[in-house]
Amino acid sequence: MVGGVFRWMLGVVLLASVAPFAFALSPPRPALEEIRHTSVPDYTRVIITLSDRADYRHFRVAADRDHDRPPRIVIDFSSARIDPQLRAPIPVDDGLLKRIRTGQFSPTTARVVLDLEQIESYTAFPLYSPYRLIIDVKGKSEKTPPRQQAKQSRAPPPPQYRIMIDPGHGGRDPGAVGVDGLKEKTVVLAISKRLGKKLESRLPVKVLYTREKDVFVPLPERTAQANATKADLFISIHANASENPRLQGVETYYLNNTNDRATIRLANLENGLASPGSELSFILSDLYHTVNEPESIALAHTLQNSMMTQVSKRHAQARNLGVKKGPFYVLVGAHMPCVLAEVSFLTHRVQGRLLRSSAYREAIAEGLFQGIARFIKEELPRIKKDSV
């Protein structure tokens with residue numbers, strides 16, 4: 001009896017001594033840390049940021065008139081918790097969403113609910129570093145009555161298109177660093193401003209920027225800006241880098257998956273990922289934006305050709321690296337033709353120094369302008385007509 005009691009007490013002591021270590025070894029559950037939204041009358045993007053990756057599921061629920069509950073989108077994160085600061089409802093009232101609510105649905109499930117006014121469709125997809133879930137909600141576009149549409153067709157439509165220019169990186173994110181410490185964020189902002197001035201002075205367009213100074217703008221908010229302002233084109237401008245100092249040239253990307261290792265390394269750099277992740281293979285699996293792929297490919301080829309024509313005047317040995325596909329987060333979810341231009345290599349001895357010069361930046365901006373102008377003239381009217 002005494003021996004049994006002793007063994008029991010010894011077991012309790014050992015369990016008490018081991019339990020803290022076992023608890024320390026188990027990782028904390030991911031927490032929902034922040035919820036933001038960008039809204040216009042027929043489009044809302046909700047960005048849910050978590051402390052770590054979490055499995056999720058989402059579904060729609062019809063209105064429950066008996067209990068006065070609106071239609072809603074429900075997102076459940078398994079093995080997750082709600083940060084206390086997110087417990088209060090977030091009012092939206094933008095014509096699509098009434099509010100965003102959160103709650104600890106169960107001890108292991110965190111729930112986010114989007115209470116809806118009206119909806120046509122929605123998509124959900126994750127981004128990484130940090131881990132975020134993006135919810136894009138599209139509203140029902142109001143149809144123009146046939147009689148009114150006929151009247152409108154007699155008058156010439158306004159020729160002003162909206163061009164969203166996206167200077168890559170910015171603020172705490174310098175991007176690539178090249179010859180003599182030149183930072184990508186500085187180069188691409190300067191080129192973007194030159195391009196914007198050319199567009200507004202020589203074409204009937206409205207130029208918009210995701211950033212106009214040295215500030216940090218998260219990748220999903222850049223595309224959200226383009227969608228929210230109903231931009232007709234989205235041009236993301238970057239400068240390339242490589243561990244091989246001999247690599248140089250100009251290339252343009254459209255959004256799609258790829259197995260090319262060099263492209264995946266570049267995408268990781270532009271996406272802010274430290275190393276390749278399997279998620280890059282799946283971010284496009286079920287997204288509706290692929291309807292813009294043919295138009296984006298056409299835009300990429302037009303920009304690539306015109307950039308090479310102008311860049312070659314300043315650097316005759318510049319290589320034409322062509323048009324490629326790649327999983328760039330900044331292009332995910334765009335509602336319009338969108339491309340990412342890598343204008344030259346910061347890490348190449350010649351191109352890195354040329355990127356400091358006003359003349360070379362002018363050549364790149366002129367090349368981008370010529371490509372956009374040609375696309376607007378030859379392709380955009382047909383695209384806009386087909387979308388009506």
Side-chain angles (χ1 to χ4, degrees), residues 40-43 136 138 141-144 149 152-167 191-210 222-238 250-256 287-310 322-326 328 330-343 364-388:
V40 291
D42 60 354
Y43 166 78
D136 277 348
K138 294 183 69 176
S141 301
E142 294 186 3
K143 302 287 186 179
T144 303
Q149 194 173 35
Q152 289 179 347
S153 65
R154 297 191 190 102
Q160 188 177 67
Y161 294 113
R162 292 171 177 263
I163 313 299
M164 178 65 79
I165 301 175
D166 172 48
I191 292 172
S192 296
K193 288 185 174 181
R194 286 176 181 266
L195 172 60
K197 290 179 180 178
K198 289 175 179 291
L199 288 167
E200 288 193 317
S201 64
R202 296 159 65 180
L203 291 176
V205 299
K206 171 70 173 176
V207 175
L208 307 162
Y209 298 90
T210 57
R222 295 171 185 249
T223 318
Q225 288 182 39
N227 290 341
T229 56
K230 300 184 181 299
D232 296 292
L233 297 177
F234 181 81
I235 316 292
S236 190
I237 300 176
H238 293 255
V250 175
E251 56 192 356
T252 307
Y253 287 87
Y254 63 94
L255 183 64
N256 208 323
L287 299 183
Y288 62 85
H289 70 266
T290 52
V291 297
N292 291 318
E293 186 176 71
E295 293 85 357
S296 296
I297 293 173
L299 175 60
H301 279 285
T302 303
L303 289 184
Q304 178 69 17
N305 292 337
S306 58
M307 272 199 296
M308 280 305 304
T309 298
Q310 298 300 321
V323 169
K324 303 175 182 178
K325 57 185 178 181
F328 294 93
V330 74
L331 303 180
V332 173
H335 294 171
M336 70 294 298
C338 57
V339 297
L340 184 147
E342 296 282 355
V343 298
I364 293 170
E366 181 64 22
L368 289 167
F369 166 79
Q370 293 288 348
I372 293 171
R374 180 177 176 183
F375 189 83
I376 286 177
K377 179 181 179 181
E378 298 179 359
E379 299 290 339
L380 204 51
R382 175 187 58 79
I383 294 171
K384 300 296 288 183
K385 182 180 179 181
D386 291 344
S387 65
V388 173

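In what follows, residues are counted from 1 in the order of the sequence shown.
The closest side-chain heavy-atom distance from E293 to N256 is below 4.5 Å. Residues Y254 and P294 are not in side-chain contact: their nearest non-hydrogen atoms beyond the backbone lie 4.5 Å or more apart. For the pair V332 and L255, the minimum side-chain heavy-atom distance is below 4.5 Å. Side-chain atoms of V250 and Q310, non-hydrogen and from C-beta on, never get closer than 4.5 Å to each other. Using a 4.5 Å heavy-atom threshold, the side chains of Q225 and L208 count as separate. Taking the side chain as every heavy atom from C-beta outward, T210 and F234 approach each other to under 4.5 Å. Side-chain contact check for I191 versus L368: some heavy-atom pair is nearer than 4.5 Å. Looking only at side-chain heavy atoms (C-beta outward), I235 and V339 come within less than 4.5 Å of each other.
Between the OH atom of Y161 and the CD1 atom of I383 there is a distance of 9.0 Å, given to the nearest 0.5 Å.
The side-chain hydrogen bond (donor to acceptor under 3.5 Å, both in side chains) check on D232 picks up K384, with sequence neighbours excluded. Listed by chain and number, the residues in a side-chain hydrogen bond (donor to acceptor under 3.5 Å, both in side chains) with K197 amount to none (sequence neighbours excluded). Residues meeting the side-chain hydrogen bond (donor to acceptor under 3.5 Å, both in side chains) test with S192, sequence neighbours left out: none. In this structure R374 satisfies the side-chain hydrogen bond (donor to acceptor under 3.5 Å, both in side chains) test together with E378, sequence neighbours excluded. Not counting sequence neighbours, the partners of A224 by the side chain to side chain contact (heavy atoms under 4.5 Å, CB included) test are T38, Y43, R45. A search for ring pair (Phe, Tyr, Trp, His ring centres under 6.0 Å) contacts involving F369 returns nothing, not counting sequence neighbours. Qualifying side chain to side chain contact (heavy atoms under 4.5 Å, CB included) partners for K324, counting only residues two or more places apart in sequence or in other chains: E251, Y253, T263, L321.
Nearest heavy-atom pair across A365 and R194 is CB-CB, 3.7 Å. Considering every non-hydrogen atom in both R162 and T229, the closest pair reads CD-O, 3.2 Å. Taking all atoms of both residues into account, the shortest heavy-atom contact from L299 to C338 is CD2-N, 4.5 Å. Across all their heavy atoms, S236 and V330 have their closest contact at OG-CG1, 3.8 Å. In plain terms, the two heavy atoms of A341 and M307 that are nearest each other are CB-CE, 4.0 Å. Among all heavy-atom pairs drawn from R222 and P167, the shortest one is NH1-O, 2.8 Å.
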I would like to know whether I163 and I376 meet side-chain contact (heavy atoms from CB on, under 4.5 Å); could you show each step before the answer?
CA-CA 10 Å; I163 313 299; I376 286 177; 4.0 Å; yes
Under the side-chain contact (heavy atoms from CB on, under 4.5 Å) criterion, do I165 and L199 qualify, and how do the steps go?
CA-CA 11 Å; I165 301 175; L199 288 167; 4.0 Å; yes
For L195 and I237, what are the C-alpha separation, side-chain angles and deciding distance, and is it a side-chain contact (heavy atoms from CB on, under 4.5 Å)?
CA-CA 10 Å; L195 172 60; I237 300 176; 3.9 Å; yes
Just do the side-chain contact (heavy atoms from CB on, under 4.5 Å) check on D42 and K230 with the steps written out, would you?
CA-CA 10 Å; D42 60 354; K230 300 184 181 299; 2.9 Å; yes
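Under a 3.5 Å cut-off, the side chain of T302 and the backbone N or O of G371 do not form any donor-acceptor pair. The backbone N or O of A334 sits less than 3.5 Å from a side-chain atom of N292, completing a donor-acceptor pair. Distance alone, capped at 3.5 Å, is enough to place a donor-acceptor pair between the Q304 side chain and the T252 backbone.
Pairs engaging residues 200-210 under the salt bridge (charged side-chain N to carboxylate O under 4.0 Å, His left out) rule: R202-E366 [sequence neighbours left out].
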